[in-house]
Amino acid sequence: VQLQASGGGLVQAGGSLRLSCAASGSTFNFNAIGWYRQAPGKQRVLVASIIRGSSTKYADSVKGRFTISRDNAKNTVYLQMNSLKPEDTAVYYCAARYGSSWATAPHEYDYWGQGTLVTVSS
């Protein structure tokens, strides 16, 4: 199984980006997909997750601005990021797990994408 994250880039504050996480190598039968981000010198933190059935959770810092969604037909999960702020600057990673419960710790996820850099300028 491979996860390929894409869609990062440079954007001005207030702008938008959509990240994609495409799964290949197996059927897209993960129960949960999460988007993490890691800023320089900081720990990797979960910003959004989605469980089979489309239940979602968000970190307080991105609520109302980010939306996670999945397209099972395309084996892809998206993270729509609006009203971006300089503090959203980080490398964003998608991760997948077979467990069906909510999980926040990185070690609870089974597969990881390679990361895509998001830079928000002020």
Side-chain angles (χ1 to χ4, degrees):
V1 175
Q2 289 187 327
L3 300 178
Q4 180 74 36
S6 62
L10 174 64
V11 64
Q12 288 188 333
S16 298
L17 283 175
R18 188 177 79 159
L19 305 183
S20 299
C21 177
S24 62
S26 180
T27 56
F28 195 49
N29 58 357
F30 298 114
N31 279 311
I33 305 291
W35 280 100
Y36 283 78
R37 69 185 181 189
Q38 187 167 19
K42 297 189 176 180
Q43 290 187 333
R44 193 171 297 189
V45 296
L46 182 67
V47 296
S49 55
I50 186 166
I51 280 187
R52 188 181 295 277
S54 299
S55 295
T56 59
K57 281 191 176 182
Y58 299 93
D60 288 343
S61 59
V62 306
K63 273 181 186 176
R65 301 188 298 120
F66 290 12
T67 302
I68 188 171
S69 61
R70 65 190 292 172
D71 185 336
N72 291 331
K74 294 183 178 180
N75 288 355
T76 301
V77 171
Y78 304 99
L79 184 68
Q80 178 67 44
M81 306 186 296
N82 299 328
S83 302
L84 283 161
K85 305 175 181 180
E87 51 264 44
D88 295 318
T89 295
V91 177
Y92 284 71
Y93 300 88
C94 60
R97 68 189 298 265
Y98 291 112
S100 58
S101 59
W102 293 107
T104 55
H107 74 267
E108 296 180 281
Y109 283 78
D110 303 300
Y111 296 96
W112 288 84
Q114 84 289 2
T116 184
L117 176 63
V118 172
T119 304
V120 184
S121 63
S122 58

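Quick caveat: nothing in here was measured; it's all calculated off a predicted structure. If you read the sequence from its start, that first residue is 1, and numbering goes on from there.
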### Query
Are Leu46 and Tyr109 close enough that some pair of their side-chain heavy atoms sits under 4.5 Å apart?
yes
### Task
With sequence neighbours left out, write down each residue that passes ring pair (Phe, Tyr, Trp, His ring centres under 6.0 Å) with Tyr111, or none if nothing qualifies.
Phe30
### Task
Using salt bridge (charged side-chain N to carboxylate O under 4.0 Å, His left out) as the criterion, list what pairs up with Lys85, not counting sequence neighbours.
none
### Query
Checking side chain to side chain contact (heavy atoms under 4.5 Å, CB included) for the pair Tyr36/Val91: CA distance, chi angles, key distance, verdict?
CA-CA 8 Å; Tyr36 283 78; Val91 177; over 6 Å; no
### Message
According to side chain to side chain donor-acceptor pair (under 3.5 Å), who are the partners of Asp110, at least two apart in sequence or on a separate chain?
### Response
none
#### Entry: Working for side chain to side chain contact (heavy atoms under 4.5 Å, CB included), residues Tyr93 and Leu3
CA-CA 9 Å; Tyr93 300 88; Leu3 300 178; over 6 Å; no
### Message
In this structure, would Leu79 and Val62 fall into the same cluster of hydrophobic residues linked by side-chain contacts under 4.5 Å?
### Response
yes
## Note on the structure
Taken to the nearest 0.5 Å, the spacing of Leu19 CG from Trp35 CH2 works out to 4.5 Å
### Where at least one partner belongs to residues 30-49, residue pairs that pass salt bridge (charged side-chain N to carboxylate O under 4.0 Å, His left out), sequence neighbours excluded
Arg37-Asp88
#### Entry: Least distance between heavy atoms, Thr76 atom then Ser20 atom
CG2-CB, 4.2 Å
### Message
Would a single hydrophobic cluster contain both Tyr92 and Tyr78, if residues Ile, Leu, Val, Met, Phe, Trp and Tyr are joined by side-chain heavy-atom contacts under 4.5 Å?
### Response
no
### Query
Under a 4.5 Å side-chain heavy-atom rule over Ile, Leu, Val, Met, Phe, Trp and Tyr, are Met81 and Ile68 clustered together?
yes
### Query
From Ile50 CD1 over to Lys57 NZ, what is the distance, rounded to the nearest 0.5 angstrom?
13.5 Å
### Message
Using a 3.5 Å distance criterion without hydrogens, assess whether the side chain of Tyr58 forms a donor-acceptor pair with backbone atoms of Arg65.
### Response
no
### Query
At their closest point, which heavy atom of Gly7 faces which heavy atom of Leu17, and how far apart are they?
O-CD2, 3.9 Å
### Message
Applying a strict under-4.5 Å side-chain criterion to I, L, V, M, F, W and Y, I'd like to know whether Val47 and Trp112 cluster together.
### Response
no
### Query
Rounded to the nearest 0.5 Å, how far does CG of Asn31 lie from OG of Ser101?
9.0 Å
### Summary
Taken to the nearest 0.5 Å, the spacing of Phe66 CZ from Thr56 OG1 works out to 14.0 Å
Show me the side-chain donor-acceptor pairs of residues 113-122 shorter than 3.5 Å, one per line, residues at least two apart or across chains.
residue	atom	partner	partner atom	Å
Gln114	OE1	Ala5	N	3.1
Gln114	NE2	Ala5	O	2.7
Thr116	OG1	Gly8	N	3.0

### Task
With sequence neighbours excluded, give me every salt bridge (charged side-chain N to carboxylate O under 4.0 Å, His left out) pair touching residues 4-21.
none
